[in-house]
Chemist: 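Attaching a single structure in structure tokens format; questions to follow.
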Amino acid sequence: MADKKLGAYICKGCGIAERLDTDELAKIAKSDGKVTVAKQHDFLCNSEGVKMIQADIDAGEVTHVLIAACSRRAKTDAFRFEKVAIARANLREGVIWIRPDTEDAKETTQEMAEDYIRMGCAEVKFMTLPNASGEQGRVDHVLIVGGGFTGLTAALEVAKAGYLATIVEKTSALGGTAAQLYKRTPNHSPFAAPQDNGIADLIQQIESNDKITVHLNATVTKTEGAPGRFNAEISPDGGTKTFGSIIQASGFTPYDATQLPEFAYGKTPDVVDQLGLEALAKQANGGTIKRPSDGKEVKNVVFIQCAGQRSEKEGHLSYCSGHCCMTSVKQAMYFKDANPNIDAMVIYTELRMPGAGGEDFYRNGQNKGITFTKGMVSEVVSDSGKVSVKFKDLILNEEVDLESDLVVLATGMIPNSGVDIEVPVTEEEEKEEEKTVINIVPADSVLNLDYRQGPDLPQLVNGFTDSHFICFPYETRRTGIYAAGPVRRPMDMAQATEDATGAALKAIQALENASLGQAAHPRSGDLSFPIFRKEGCTQCKRCTVECPFGAINEDEAGYPQFNEARCRRCGTCMGACPVRVISFENYSVETVGQAIKAVDMPDEFDEKPRILVLACENDAYPALDMAGMTRREYSAFVRIIPVRCLGSVNTIWISDALNSGYDGIILMGCQKGDDYQCHFVKGSEMAHYRMSKIGDTLQQLQLETERVQTYEIAITDMHRVPKIINDMAETIEKIGMNPFKF
Amino acid sequence: MSNPVTVEKYRNNFLREVEANVEEGDWVKRCMQCGVCSGSCPLGPHWEHPPQELFMMIRAGKRDEVLGSSSMWMCTSCYNCIARCPRELPITHIMHGLAHYAKRLGLSPKNQQTKKFAQKFWDNLSKKGRVNELKLGLSLYFMNGFMEGVKMSLKMQKVGLGMLKTKRMSPFEMLGGHGCKDSKGLQAILNKAREIEEAKISKFQG
């Protein structure tokens with residue numbers, strides 16, 4: 001620590017100097033913060049101010065810089081200095097903008113600013129400058145698992161960007177399900193007619209591209225490593241190759257319509273599913289489609305939407321597969337385009353025509369004379385060569401029995417996600433699982449990952465791979481592996497194109513990041529990575545189990561093996577570690593812990609409580625900043641510390657804070673659960689879980705449980721955060737001060 | 001629950017007939033069944049079948065029920081439905097088109113008041129090419145019998161005298177009344193139009 005030279009730079013601009021005594025702040029930085037340099041500037045973020053700091057850095061005066069000015073989210077470009085550790089004290093959004101400019105408030109506001117200086121000095125003192133791990137290597141090669149429409153599109157996009165792509169396809173031909181289509185739904189204006197599926201052209205482009213390698217009849221039998229150095233074994237004869245990143249485009253399996261005996265599927269060839277109709281349309285090739293049973297030209301056809309979908313019945317899919325309404329309109333057009341006198345009726349409960357052209361396509365279907373009937377089909381009866389559809393017309397409220405030449409069932413998509421790694425493992429539960437979930441495709445692993453947490457991508461609901469649907473689509477919970485297409489969520493070809501393109505760009509970004517040793521988003525560019533003190537580790541495995549990204553493996557002795565390139569730097573491992581041996585160079589149990597302790601704790605009888613807020617830097621901290629920007633006042637007794645993710649909150653911080661006299665603690669993280677907004681997927685959930693057990697600690701200390709509260713905060717909650725803080729201040733007024741002040 | 005309708009229903013024959021013969025009838029297939037028209041109609045609760053339902057019935061091939069319905073005769077041309085239809089269907093016009101077509105085929109309900117008035121208006125107008133308001137008014141008063149007519153006339157006495165006084169109405173209109181310049185030409189036009197329409201309709205009369 002001898003070579004650490006701390007410098008505090010206090011900005012007087014933006015009204016800070018008018019509201020705060022900056023001379024006093026500088027004095028405190030020297031006396032309490034132990035800085036060697038404490039300077040003030042009228043306008044710290046302008047070129048002169050920045051030059052002043054840079055000059056000190058260049059002269060070797062400072063190695064650790066505290067910038068006491070605006071929020072750490074503001075002026076990040078101005079305050080980016082190379083080769084020094086930097087901390088920020090938020091005097092603008094965090095102090096003067098949330099406090100009233102009155103004589104009464106002056107004292108507490110000044111105290112607030114002084115504490116932020118102390119906290120910032122303490123934090124930066126315990127930081128070191130992160131260096132890249134040295135693990136990185138550069139491999140400009142993307143592995144694409146699945147040679148369907150999504151995989152092919154992704155491969156082309158990767159190649160177009162100048163990178164290599166390898167496609168591994170399980171079957172003997174490229175094109176997947178899309179190749180089975182007679183035509184596809186249109187993807188451009190005027191969205192009036194089905195158009196060529198484009199697969200032949202796509203395959204031709206793939207085959208003539210020397211950046212793309214294709215393995216047919218092949219699977220990935222082992223994947224190990226991390227972004228930038230994935231080793232994938234391609235069987236049977238592709239050998240083991242190294243890839244920078246992976247796109248999983250394993251697509252979907254059509255729902256097995258034989259599970260719908262009520263719709264006579266399998267009892268008569270005249271009831272087909274949508275892919276069945278595509279085959280008939282291919283046969284007819286633009287002519288009138290003939291029915292399978294007797295080869296008679298179809299005069300009328302009925303499409304049944306949501307067959308075995310959007311239904312809670314056993315064996316049905318509970319979700320909407322997204323494309324089937326569009327597909328039925330397209331298929332009805334096959335009939336109408338061949339002969340407008342054919343009656344084509346679509347029976348639906350809710351018609352969903354997504355995308356820019358969806359509604360136009362629907363309208364064009366109506367113009368072509370397709371009849372849309374809002375109804376519920378109860379049964380399809382096949383009797384002596386005749387098929388009749390029994391349904392209830394929901395507009396006219398009557399039961400109808402309609403004879404039809406051909407019936408098409410719009411059945412759903414089941415994702416090919418591989419093995420569900422989160423299925424409970426005990427035998428009893430396994431049996432129960434089998435009984436209730438019969439739609440899961442009995443799956444072989446797709447990726448065969450050699451990861452501690454399991455061989456495939458984690459799934460969220462209904463077997464679709466977990467991808468961050470709000471902020472980072474395609475991004476899965478395995479860094480450097482991207483899911484695209486219907487394996488991620490049900491979709492049509494237009495959406496799959498977007499998915500494939502997005503995933504290709506993400507995969508390229510991941511391998512580039514890996515080559516520099518820096519994190520993928522949301523902490524893009526972060527060079528820090530978890531380091532652990534092996535002597536202290538008890539091999540409890542909590543970090544390896546709780547890491548939301550499966551980044552940590554275990555070595556033979558049971559010690560964690562951090563794969564830096566897989567790590568997203570959320571710090572959930574650091575929060576989990578009961579012996580606190582995991583840390584980052586610039587973010588550790590120490591940096592935050594010292595900041596917590598650095599606060600000047602007033603006496604119990606001062607009537608100045610102290611509230612600690614640990615706020616997630618992704619959503620809660622910006623919400624607090626915005627509360628400042630919109631000048632919403634909150635209590636001056638609060639001290640806010642941003643954390644990378646609520647998952648990184650180690651319970652030691654809570655007990656230390658209570659022991660050192662804080663009267664209340666608020667944790668602000670993102671929404672958890674199936675509709676999570678947590679940027680690290682599981683971080684907020686882990687934190688909530690850990691905090692649900694904090695009651696014991698409080699009871700041991702004989703403190704009221706209201707003193708620690710955990711909230712889910714969205715980035716838009718700027719009106720809510722001041723209220724939460726003020727409510728806590730009121731609660732403390734009611735229950736009294738923490739007796740552990742010293 | 002009504003009995004299951006016969007298998008001939010839900011074919012598109014009637015929809016095609018409506019498209020060919022009803023004014024603005026080719027819009028019917030474009031209805032997306034949102035129900036905004038039915039919800040917007042000020043007389044909605046009094047309709048046997050609101051417009052949305054009529055459109056569905058047409059698609060379901062319910063020819064007799066649609067053409068025999070009193071619903072479209074309830075339309076007062078307030079144009080609320082047209083203004084609000086998200087698919088921009090000219091619903092008011094379709095209602096009048098349906099009513100007109102039903103009447104032409106003789107399928108509209110007997111003793112429908114609006115229908116009766118419409119016939120009187122047409123007879124009055126088509127004779128000379130101008131509406132004879134005095135005759136139209138009186139024929140309306142006496143539409144439901146002689147005694148009713150007398151009662152109504154007495155009730156409206158004051159209005160009538162006022163109109164006479166301010167020269168808004170001439171008693172001499174009773175004697176023939178005024179007409180357009182070439183009423184023979186008008187008759188020729190109307191006859192030709194009737195001929196064309198009947199030829200069209202006969203295609204669907206089996």
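Naming: A, B, ... by sequence-line order, numbering from 1 per chain.
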Chemist: State whether the number of non-hydrogen atoms from other residues, nucleotides or ligands found under 6.0 Å of Asn111(B) atom CG is greater than 12.
Modeler: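 No, the 6.0 Å shell around CG holds no more than 12 heavy atoms from other groups.
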Chemist: At their closest point, which heavy atom of Ile342(A) faces which heavy atom of Arg16(B), and how far apart are they?
Modeler: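 For Ile342(A) and Arg16(B), the tightest heavy-atom pair comes out as O-NH2, 4.2 Å.
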Chemist: Is any side-chain heavy atom of Leu402(A) closer than 4.5 Å to a side-chain heavy atom of Arg11(B)?
Modeler: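 Yes - at least one pair of side-chain heavy atoms lies under 4.5 Å apart.
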Chemist: Near Lys368(A) NZ, under 6.0 Å, is it more than 12 heavy atoms from other residues, nucleotides or ligands?
Modeler: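 Counting other residues, nucleotides and ligands, NZ of Lys368(A) exceeds 12 neighbours.
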Chemist: Within the supplied structure, the quantity of interest is the number of heavy atoms (other residues, nucleotides, ligands) at a distance under 6.0 Å from Lys282(A) NZ; does it exceed 12?
Modeler: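 Yes - once you tally the heavy atoms of other residues, nucleotides and ligands closer than 6.0 Å, there are more than 12.
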Chemist: So with a 6.0 Å cut-off around CD of Glu88(B), is the heavy-atom count from everything else above 12?
Modeler: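 Open: at most 12 neighbouring heavy atoms sit under 6.0 Å from CD of Glu88(B).
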Chemist: Taking atom CD as the centre, does Glu48(B) end up with more than 12 heavy-atom neighbours from other residues, nucleotides or ligands that are less than 6.0 angstrom away?
Modeler: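 Counting neighbours around CD of Glu48(B), more than 12 heavy atoms of other residues, nucleotides or ligands fall under 6.0 Å, so yes.
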Chemist: If you compare all heavy atoms of Asn12(B) against all heavy atoms of Gly369(A), which two are closest, and at what distance to 0.1 Å?
Modeler: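 The answer is ND2-O, 3.7 Å.
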Chemist: Should we count NZ of Lys386(A) as having more than 12 external heavy atoms under 6.0 Å?
Modeler: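 Not buried by this count: 12 neighbours or fewer within 6.0 Å.
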Chemist: Nearest 0.5 Å, please: how far is CG in Asp393(A) from NZ in Lys62(B)?
Modeler: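 Spacing of NZ (Lys62(B)) from CG (Asp393(A)) equals 7.5 Å.
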Chemist: Sort Asp343(A) into side chain, backbone, both or neither according to what part of it lies under 4.5 angstrom from a heavy atom of chain B.
Modeler: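 Contact with chain B involves both backbone and side-chain atoms of Asp343(A).
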Chemist: Can you confirm whether more than 12 heavy atoms, excluding those of Tyr79(B), are under 6.0 Å from its OH atom?
Modeler: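 More than 12 heavy atoms, drawn from other residues, nucleotides or ligands, come within 6.0 Å of this atom.
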Chemist: Considering only heavy atoms, which portion of Leu394(A) lies under 4.5 Å from any heavy atom of chain B: side chain, backbone, both, or neither?
Modeler: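 Contact with chain B involves no heavy atom of Leu394(A) at all.
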Chemist: Surrounding NZ of Lys299(A) (heavy atoms of other residues, nucleotides or ligands, distance under 6.0 Å), is the total greater than 12?
Modeler: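 Open.
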Chemist: Contact part of Ser388(A) toward chain B, heavy-atom cut-off under 4.5 Å: side chain, backbone, both or neither?
Modeler: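 When you check distances to chain B, no heavy atom of Ser388(A) falls under 4.5 Å.
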Chemist: Looking at chain A, which one of Glu53(B), Met56(B), Arg59(B), Met57(B) has the largest number of heavy-atom pairs inside 4.5 Å, strictly under?
Modeler: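 Ranked by heavy-atom pairs under 4.5 Å with chain A, first place is Met56(B).
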Chemist: Looking only at heavy atoms, which of residues 26-33 of chain B get nearer than 4.5 Å to chain A?
Modeler: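 The stretch touches chain A at Lys29(B), Arg30(B), Cys31(B), Met32(B), Gln33(B).
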Chemist: Could you tell me whether Arg87(B) and Glu359(A) have a side-chain N and a carboxylate O separated by less than 4.0 Å?
Modeler: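 So Arg87(B) pairs with Glu359(A) through a salt bridge.
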Chemist: With a 4.5 Å limit on heavy-atom distance, are the side chains of Gln52(B) and Ile395(A) in contact?
Modeler: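 Yes; the side chains approach each other to less than 4.5 Å.
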